[in-house]
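All remarks here apply to the structure that follows.
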Amino acid sequence: MKILDTKYDHKKVEKGQYQRWLDIGCFKAGEDTSKEPYCIVIPPPNVTGKLHLGHAWDNTLQDIITRYKRLKGYDVLYLPGMDHAGIATQAKVEEKLREQGISKYDIGREEFLKVSWQWKEEYAGHIREQWEAMGVGLDYSRERFTLDAGLNKAVNKVFVDLYNDGLIYRDYRIINWDPVAKTALSNIEVIHQDDPGKMYYFNYKVKETDDSFTVATTRPETMFGDVCVVVNPKDERYKHLIGLHAINPANHEEIKIIADDYVDMEFGTGAMKCTPAHDPNDFEIAERHNLEKPICMNLDATMNKLAKEYEGLDRFECRERLTKRIKEEGNLIKIEDIVHPVGHSERTNAVIEPYLSMQWFVKMKPLADEVLKYQEDPNEKINFYPARFERTFNQWLENIEDWCISRQLWWGHRIPAYYHKETNEVYVGLTPPKDIENYVQDEDVLDTWFSSALWPFSTLGWPENTDDLNRYYPTSCMVTGYDIIFFWVARMAVQGRYFTKTYPFKDCLIHGLTRDYQGRKMSKSLGNGIDPMDVKEQYGADSLRFFLSTNSTPGQDLRYIEEKVESTWNFINKLWNASRFVMLNLLEEFDYDNYDIANLSNIDKWIISKLNKTIEIVTENMDKYEFTIVGSELYNFVWNDFCSWYIELCKTELNSDYKDGAIYTLHTVLNAILKLLHPFMPFVTEKIYLGLNPSEETIVTSKYPKIIEIKEFDLNEIEQLIDVIKSLREIKVENDLKPSANIDFIVKDNDDNIINPSLVNKEIVSKMARSKWASSIDGELSIRPIINGKLCVLSSQLIDKETEILKLSKEKERLESEINRSNKMLGNENFISKAPKAKVDEEKSKLVNYKREYDIVLNRLNELKKL
RNA sequence: GGAGGUUUAGCUCAGUUGGGAGAGCAUCUGCCUUACAAGCAGAGGGUCGGGGGUUCAAGUCCCUCAACCUCCACCA
């Protein structure tokens with residue numbers, strides 16, 4: 001039998017363990033198909049860099065669930081994979097090339113993709129190392145990548161099918177243009193933030209009359225793309241101008257003054273300039289009035305030739321110079337400082353330019369409606385934990401807009417659309433057109449999230465009808481952050497429903513974001529990010545995992561508090577040392593499997609009954625993903641019930657006739673503890689488990705602890721014993737006695753009969769309270785209530801009567817108020833008649849006990865006063 | 001404009017069908033008791049953001065106000 005080191009050393013414990021698990025193959029799914037399948041697919045991290053604390057949290061939660069299910073006897077598939085992360089990765093690769101003085105255009109598309117794949121391989125390696133470091137139990141034989149050949153097949157099929165079903169179309173529309181990444185973005189990739197800006201008021205002269213009026217804008221440079229001025233038809237101020245022409249102060253060209261209901265008379269000056277190619281609302285107006293839609297900017301947000309002398313200038317530079325010129329011409333009325341929402345690119349932070357452009361879109365409404373319909377069916381819906389996120393999910397789907405899916409990038413799934421060189425006819429198909437020489441393929445790739453949306457089923461082999469797909473799909477649970485419900489969760493639901501006719505996962509566990517100790521979001525710019533690998537170095541992966549999983553409620557953000565990780569380390573150290581104690585006392589030859597539990601002492605039965613209760617609570621809450629409750633339950637059971645009480649109590653038993661029972665109990669309870677804690681702290685529990693059970697291969701695939709049925713036993717005896725010890729310790733502190741001081745005492749039951757202590761209990765008290773439990777005693781006794789009886793202490797050993805009176809008076813006061821409260825409740829007829837009977841009975845028995853204790857206290861007080 | 005979250009001990013947070021306010025850390029006191037001093041044994045500390053209501057009973061349910069935070073939408 002291995003005796004553990006005197007101190008928990010996380011580095012030593014974790015070293016080599018993961019590799020051993022892989023060698024054993026205990027994370028491999030499908031080994032025993034008689035078991036019920038359980039499946040979680042990992043949210044694929046981007047291959048752009050290191051994993052951060054948020055990933056560590058996310059993966060820990062998944063790993064806890066899958067390890068738990070494995071112990072419960074499921075055939076668990078926890079499927080790993082990564083995301084090609086189109087824009088993000090391409091930006092990184094471009095940056096790397098730029099450092100070498102190379103532009104992507106220098107090397108061309110094909111070569112660029114080669115470099116990108118190399119990048120992917122490098123970062124995939126880093127990510128796997130981090131998974132390993134955190135102990136995440138993945139089945140690497142099934143690892144997937146959102147850009148691998150299989151997924152490409154899935155992506156193409158989805159694109160082609162949706163196209164053929166009329167749910168994907170190509171159109172010329174206003175999209176969000178990122179002028180830095182030079183690609184279109186979807187609406188949710190645009191972050192609206194309130195930025196300081198300016199509102200410019202310009203004077204517009206009317207061509208036909210001497211009138212003039214004022215138009216306000218925040219983007220003067222777009223005036224080069226203006227086609228008209230719009231007013232509300234009901235606006236008395238401008239009615240007479242409708243149909244006339246105004247002079248655009250930017251280019252001095254005349255533009256029509258038209259009327260449209262869209263214009264809000266209350267806002268600004270009530271007269272609005274209209275730039276159809278650079279504003280979605282203006283685009284709508286132009287459509288209604290059949291107007292031109294001239295584009296006045298290049299793709300890099302510099303001005304084009306429409307801007308005349310400003311051609312080639314950056315849009316913001318143009319804004320300034322143009323304003324200055326208009327001012328010089330006397331047409332600038334005023335400039336107001338304002339704060340207004342401005343769209344920024346999620347990836348590059350560039351100010352988004354609404355831009356008229358030909359792109360591919362998914363018609364989302366019919367797809368979303370289908371998901372919403374099934375969300376009303378309890379058997380078909382996705383269950384969110386916590387439930388409130390279902391509302392977020394539903395609301396987004398209810399108000400969904402079409403999804404712009406084409407991206408002007410190279411790194412991604414190339415769109416399977418081909419255009420005839422002469423006729424411009426569009427061909428969309430799984431295979432290129434037969435006369436491919438007459439066609440060119442679309443240059444664009446698909447939004448990264450287009451492939452991520454297929455992740456739960458594409459990773460299992462869809463569209464092929466694979467064994468894995470049949471066995472593990474729909475998956476059991478998705479664990480992810482609330483920040484990607486729209487980006488990812490909703491889209492998986494949509495595509496899953498359309499293509500697999502079911503939900504992609506039954507449960508969806510949502511967690512929050514990690515924050516620093518001040519509650520700030522962890523970000524690169526603040527430099528307040530925590531590297532999980534640093535934490536592992538200092539406290540070990542097990543400490544970090546337990547901290548991450550047991551310190552917040554589902555859906556809530558989590559602050560990184562180092563002291564809490566440290567306290568987890570202490571907890572593990574406690575477990576470590578308790579295990580040491582157990583192992584030091586085990587016997588080489590002991591048949592645990594055939595030990596007759598009828599021989600156990602009441603002390604043994606007491607801890608086993610506590611363990612049973614703990615197993616019950618833990619199991620119930622594991623199934624509800626309430627890991628904080630599980631954590632505190634286990635912390636309390638291990639530290640207080642097992643370490644502070646049972647281990648101390650059993651030390652005496654180990655030197656008695658009850659030795660075998662104590663050994664059996666130590667072994668059994670510790671094994672159960674290890675299994676219950678294993679999902680949270682896999683490394684240390686494995687290490688101890690193997691020491692405790694030398695013939696076992698791993699705890700990973702061991703059996704979840706069962707409730708141990710114990711025959712009737714006297715719970716009260718142990719509860720009373722513990723109360724005796726606690727009371728004696730309190731008495732010593734109250735009376736300024738040294739912990740080592742002896743107190744002579746007897747215990748009486750409620751009928752005033754002296755309890756004759758067992759030999760073991762006598763010894764236990766002597767050890768744990770350093771006091772002598774007598775069978776009879778002479779002299780004046782100080783009496784206080786304990787569980788099921790009275791503790792009678794030789795009062796000559798106490799310092800003085802005053803302290804005792806003080807203590808008892810306080811106690812009397814407390815009991816009086818409790819009795820009052822209880823009497824009031826039980827005297828209330830409404831309570832008696834309306835409250836559940838169990839509650840009433842509980843209250844009645846409480847009252848009986850209060851009264852019993854009160855009598856004891858009162859008697860002793862009266863006695864003291866007489867003296 | 002719409003939706004949601006938070007407010008409980010000095011700090012960070014639990015508190016799940018309403019039924020006597022909890023943990024960790026910090027603080028105070030005393031202990032090397034042979035698994036553990038990163039430990040052991042004790043202790044102090046909260047009118048559960050304010051105000052109303054429902055109920056026999058409210059930290060918990062309803063209304064309202066306040067502060068902070070997040071998401072969605074957005075008007076030139």
[X] [atom1] to [N] [atom2]: how many Å, rounded?
X: Y635(A); N: G22(B); atom1: OH; atom2: C1'; answer: 14 Å
X: N823(A); N: C56(B); atom1: CG; atom2: C1'; answer: 15 Å
X: Y482(A); N: U70(B); atom1: OH; atom2: C1'; answer: 6 Å
X: N735(A); N: A41(B); atom1: CG; atom2: P; answer: 20 Å
X: I484(A); N: C72(B); atom1: CD1; atom2: P; answer: 14 Å
X: Y8(A); N: A38(B); atom1: OH; atom2: C1'; answer: 13 Å
X: I725(A); N: C40(B); atom1: CD1; atom2: P; answer: 16 Å
X: D542(A); N: A38(B); atom1: CG; atom2: P; answer: 21 Å

Checking all strands, does [X] fall into the base, sugar-phosphate, or nothing category for heavy-atom contacts under 4.0 angstrom?
X: I832(A); value: nothing
X: V263(A); value: base
X: C274(A); value: nothing
X: S740(A); value: nothing
X: T553(A); value: sugar-phosphate
X: S632(A); value: nothing
X: M825(A); value: base
X: N570(A); value: base
X: T218(A); value: sugar-phosphate
X: E648(A); value: base
X: N573(A); value: sugar-phosphate
X: K651(A); value: base
X: W576(A); value: nothing

Does [N] pair with anything, Watson-Crick or G-U wobble, both distances under 3.5 Å, and if so, with which nucleotide?
N: A21(B); answer: none
N: A14(B); answer: none
N: C61(B); answer: G53(B)
N: U29(B); answer: A41(B)
N: C71(B); answer: G2(B)
N: A66(B); answer: U7(B)

Just compare [options] and give me whichever is closest to any side-chain atom of [X].
X: K834(A); options: C56(B), G42(B), A38(B); result: C56(B)
X: E730(A); options: A41(B), A43(B), G19(B); result: A43(B)
X: W639(A); options: G39(B), C74(B), A43(B); result: G39(B)
X: I629(A); options: A73(B), U16(B), C72(B); result: U16(B)
X: N281(A); options: C25(B), C74(B), G42(B); result: C74(B)
X: R559(A); options: A76(B), U12(B), G5(B); result: U12(B)
X: I561(A); options: U12(B), G42(B), C36(B); result: U12(B)

* Please tell me which of Q395(A) and K564(A) maps to the more 5' nucleotide of RNA chain B, matching each residue to the nucleotide holding its nearest heavy atom. =>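 Residue closer to the 5' terminus by nearest nucleotide: Q395(A).
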
* To do: Starting from the 5' end of RNA chain B, give me the residue, R515(A) or K738(A), whose nearest nucleotide shows up first.
  =>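 Per heavy-atom nearest nucleotide, the more 5' residue is K738(A).
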
* **Base A23(B) paired with E633(A) side chain (donor-acceptor, <3.5 Å)** =>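 In this structure, the two groups form no donor-acceptor pair.
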
* To do: Assess the pair W396(A) and F486(A): is the distance between their ring centroids shorter than 6.0 Å?
  =>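 Aromatic pair counts; centres sit under 6.0 Å.
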
* Asked: What distance separates W449(A) CH2 from R491(A) CZ, expressed to the nearest 0.5 Å?
  ->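 Spacing of CH2 (W449(A)) from CZ (R491(A)) equals 8.0 Å.
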
* To the nearest 0.5 angstrom, please state how far the CG atom of L558(A) sits from the OH atom of Y560(A). =>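 The distance works out to 10.5 Å.
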
* To do: Tell me whether the guanidinium CZ or amine NZ of K651(A) lies under 6.0 angstrom from the six-membered ring centre of F581(A) and within 45° of its axis.
  =>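 Output yes; distance and angle both within limits.
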
* **NZ or CZ of K293(A) within 45° of F283(A) ring axis and under 6.0 Å** =>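 Cation-pi check for K293(A) and F283(A): passes.
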
* Answer yes or no for this row: F267(A) ring on C75(B) base, centroids under 5.5 Å, planes under 30°. =>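 Yes.
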
* **Inter-nucleotide P distance (C25(B), C40(B)), Å rounded** =>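 Roughly 10 Å separates the two P atoms.
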
* **Separation of the P atoms in C61(B) and C69(B), to the nearest angstrom** =>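 To the nearest whole Å, 24 Å.
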
Measuring to OP1 and OP2 of [N], would you say a side-chain N or O of [X] lies under 4.0 angstrom away?
X: R391(A); N: A3(B); result: no
X: S552(A); N: A14(B); result: no
X: K574(A); N: C40(B); result: yes

* Asked: In terms of side-chain geometry, is the basic nitrogen of E842(A) or K839(A) positioned less than 4.0 Å from the acidic oxygen of its partner?
  ->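 Between K839(A) and E842(A) there is a salt bridge, with a charged N closer than 4.0 Å to a carboxylate O.
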
* D557(A) and L513(A): which non-hydrogen atoms are nearest, and at how many Å? ->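 Distance-wise, the nearest heavy atoms are OD1-N, 2.8 Å.
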
* **Option among E853(A), E811(A), E734(A) that satisfies the salt bridge (Lys or Arg N to Asp or Glu O under 4.0 Å) test with R784(A)** =>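 For R784(A), the salt bridge (Lys or Arg N to Asp or Glu O under 4.0 Å) test succeeds with only one of E853(A), E811(A), E734(A), which is E734(A).
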
* Side chains of N232(A) and D261(A): do they bring a donor and an acceptor to under 3.5 Å? ->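 Looking only at side-chain atoms, D261(A) and N232(A) do not form any donor-acceptor pair under 3.5 Å.
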
